[in-house]
Peer 1: 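Below: one structure in structure tokens.
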Amino acid sequence: MIDKFHPVSKESKTTENVKEKVQGRVVHGSGLLQKLNTIHDVASKFDNTKSREEILKILRSEAKWLLNYDVCFIALLNKTRTHYAFYSLSPIADASELDHKHFLIDEGISGWVVKNQASFIGDIESAPKFNHAIEGRLQELGIRSILVVQLKTGNEVIGTLTFGSLKLHLYTEEDAAIAQLIGLYVATSLRDASIFEDTRKRITQIELINNISQQMSSTLQLDELLKTAASTVQKTFNYFDVTVFLKTEDSSLVELAAHAGSFVDFLPHNYRQSVDKGLIGWVFRNGEKILCNDVLQDERYLAYEYHNTRSELAVPIMIEKEVVGVLNIEDTKLHAFDETDVVVLETLSDQLGSAIKNAKLYDEIRKANMKLTELDKMKSEFLGIVSHDFRSPLSSIILAGRALLKNEAVEQVPRIKEYLQIIVDQANRLNQLAEDTLSITKIESGQLNYFFKIVNIERLVQDAVSMVRYSARHKVEYKIDPNVAFIKGDQTKLRQVIQNLVSNAVKYSPRGGQVTITVDDLSPEKLLLSVSDQGIGIPKDQIGKLFHKFSRVETGLSRDIKGAGLGLWICKEIVEAHGGKIWAESDEGNGTLMKFTLNKAQDGIS
Ligand code: ATP
Ligand code: MG
């Protein structure tokens, strides 16, 4: 044990140093009252201290005025009270090997003092507990008498205060009383500082967690999300190493999904390990955290040749009740983590859980969407080809049919004429459907090109009406405000709009009646085109869906009239592409009024 810390040559040199300094020392103790005054002075210096470091600094400079010693240090218990660590206050003897070292509560005189809630004054040799690394080291420095008192606030012992001297039988009961009094002030200040630090740490943590959460919720790409989370957690809390493991499709394996910190170069990207192994595997299987401040003592720990991890904290990442990953931090120091880190990691793993869930959902939707877009594209292409190829044979049928209808021989056989008329009408209908389908596929793929020019509105209406077939029961007329002679638009497409509206007006007025197309001057920029009929009308509650694709009124009389539900959708697309608006006004049984606006030609022609 001794060899481990101090080669003999170094030891004798250090002891020499101690002796030299002892000889040059001012000797105190000119009376109890003076000492009490000094304690009071030192205590008042603690009043405004806010951190452990400040308190230790004051003790380092002031303790020498209170008691004779060659070494002086305090020991502080960790939060779980299983270990304590030393903090050297000694200005003279070099016990730096002990500084910041952790020992089990069962080891050394300090452990004994804490456990028995007693003080110890006496020769180091007669110590009730002797640890080679602690008391053994002090002996090497030549320390012979020792005084160890508790650091106590109320009923809670938070550590010990130790004074050691090269002289034999140095310390008295009076020294013990003085040391206890100092201990009381130190313990109270340390407790206050620790409460202050805890509160400050917690506030900072809440702020930091909040920042990280915001960062996490702002990205939906899983890979990027985990990388950001790992590196932000590592940097923000200054953790030695942070890893995020996720489960894989193969449920027996977990995969390294993100890594930040000092071990990054040690683990290969996409490193996988079995869920049966290691602390990570255990957390995955059990869905519970592991806080391990000495991994070598934990048989679940899977040692890596290249890792010198000593502390590890792993918490599960859950989505609902399923463990989907592990958030893990490691450190090469013993006792690197405490309950505060658990709170940090657990809060973050909660956030990560929902962020991962969102990212996965987003990913699924994105993939489904891509598939749908692809399918939709294929459908449009198919429809485009089919409807295009339909039109040439249909045009031939229609042309041939019309020619035959004019044939004298046919004229004389009414039955043949009637059948021929049916063939021509139905071929026309099919042709219209093919046109509409083609328009749809073009609109959807953004390939419907518009050619805008100045269009005479009266001619446009006339053309459109002439293309609609209607029976003698119907009367179709139009009224055009002379103030709106010209508009700017795509003639063919606008004709299609008026044609669709007029065919609907005729089609949905099976008993005939008046169909009127009116063009009104709406404003200096706009005109209003209305198509009215006296037909079956549209129930009020269905008007809202008329302009949707494949939408038909499925009630009453309209159910028996054939249609694909495309005409109005196409009208809406075309009107809107012209910067206009289209809508319907109607009531069941009372006819229908279809209206749309268009921009007038603004270059002086209107
Ligand atoms: P197509 O695609 O052949 O035009 P369609 O006429 O059924 O078929 P749209 O023109 O889009 O399709 O019309 C949609 C629905 O609106 C029709 O099915 C019909 O129920 C209703 N509708 C349209 N115009 C009128 C109208 N003037 N009177 C009554 N109902 C109408
Ligand atoms: Mg229609």
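Numbering starts at 1 and runs along the sequence shown. Each ligand, and each atom within it, is numbered from 1 in the order the structure gives.
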Peer 1: Among all protein heavy atoms in this structure, tell me which lies nearest to atom 3 (O) of ligand 1, with the distance rounded to 0.1 Å.
Peer 2: Ala564 N, 3.6 Å

Peer 1: If only atom types and distance count, is the side chain of Lys442 paired as donor or acceptor with the main-chain N or O of Asn449 below 3.5 Å?
Peer 2: no

Peer 1: Considering non-hydrogen atoms of the protein only, which is the closest contact for atom 15 (C) of ligand 1, and what is the distance?
Peer 2: Ser551 O, 3.7 Å

Peer 1: Would you call Asp241 and Phe266 a side-chain contact if the rule is heavy atoms closer than 4.5 Å?
Peer 2: no

Peer 1: Nearest to atom 23 (C) of ligand 1, what protein heavy atom do you find, and at what distance?
Peer 2: Asn504 ND2, 3.5 Å

Peer 1: Of the side chain and backbone of Val553, name the one, both, or neither that has a heavy atom under 4.0 Å from an atom of ligand 1.
Peer 2: both

Peer 1: Which atoms from ligand 1 have a heavy atom of Ile538 less than 4.0 Å away?
Peer 2: 29 (C), 30 (N), 31 (C)

Peer 1: Looking only at protein heavy atoms, which one is nearest to atom 18 (O) of ligand 1, and how far off is it?
Peer 2: Arg552 NE, 3.0 Å

Peer 1: Answer side chain, backbone, both or neither: which part of Lys507 comes under 4.0 Å from ligand 1, heavy atoms only.
Peer 2: side chain

Peer 1: Just checking, any donor-acceptor pair under 3.5 angstrom between side chains of Thr248 and Asp250?
Peer 2: no

Peer 1: Say whether Thr243 and Asn328, considering side chains only, have a donor N or O and an acceptor N or O under 3.5 Å apart.
Peer 2: yes

Peer 1: Quick one: look up the protein heavy atom nearest atom 27 (N) of ligand 1 and list residue, atom name and how far away it is.
Peer 2: Asp533 OD2, 2.9 Å

Peer 1: Can you confirm whether Ile498 sits close enough to Phe596 that some side-chain heavy atom of one is under 4.5 Å from a side-chain heavy atom of the other?
Peer 2: yes

Peer 1: Are any of the side-chain nitrogens in Asp363 or Lys360 under 4.0 Å away from the carboxylate oxygens of its partner?
Peer 2: no

Peer 1: Just go through Leu593, Leu568, Thr592 and tell me whose heavy atom is the nearest to atom 9 (P) of ligand 1.
Peer 2: Leu568

Peer 1: N/O/S of Asn504 less than 2.8 Å from the Mg ion (ligand 2)?
Peer 2: yes

Peer 1: Under 4.0 Å, counting heavy atoms only: does Leu546 come that close to any atom of ligand 1?
Peer 2: yes

Peer 1: Which residue and atom name correspond to the protein heavy atom nearest atom 6 (O) of ligand 1, and how close is it?
Peer 2: Tyr508 OH, 2.9 Å

Peer 1: Counting non-hydrogen protein atoms only, what is the nearest one to atom 2 (O) of ligand 1? Give residue, atom name and distance.
Peer 2: Leu566 N, 2.8 Å

Peer 1: Taking Asp520 for its side chain and Leu522 for its backbone only, find out whether a donor-acceptor pair lies under 3.5 Å.
Peer 2: no

Peer 1: With side chains defined as the heavy atoms from C-beta onward, is the minimum distance between Glu477 and Gln514 less than 4.5 Å?
Peer 2: yes

Peer 1: Within the 4.5 Å heavy-atom criterion, are Glu411 and Lys417 side-chain neighbours or not?
Peer 2: yes

Peer 1: How far is atom 12 (O) of ligand 1 from its nearest protein heavy atom, and which residue and atom is that?
Peer 2: Gly565 CA, 3.1 Å

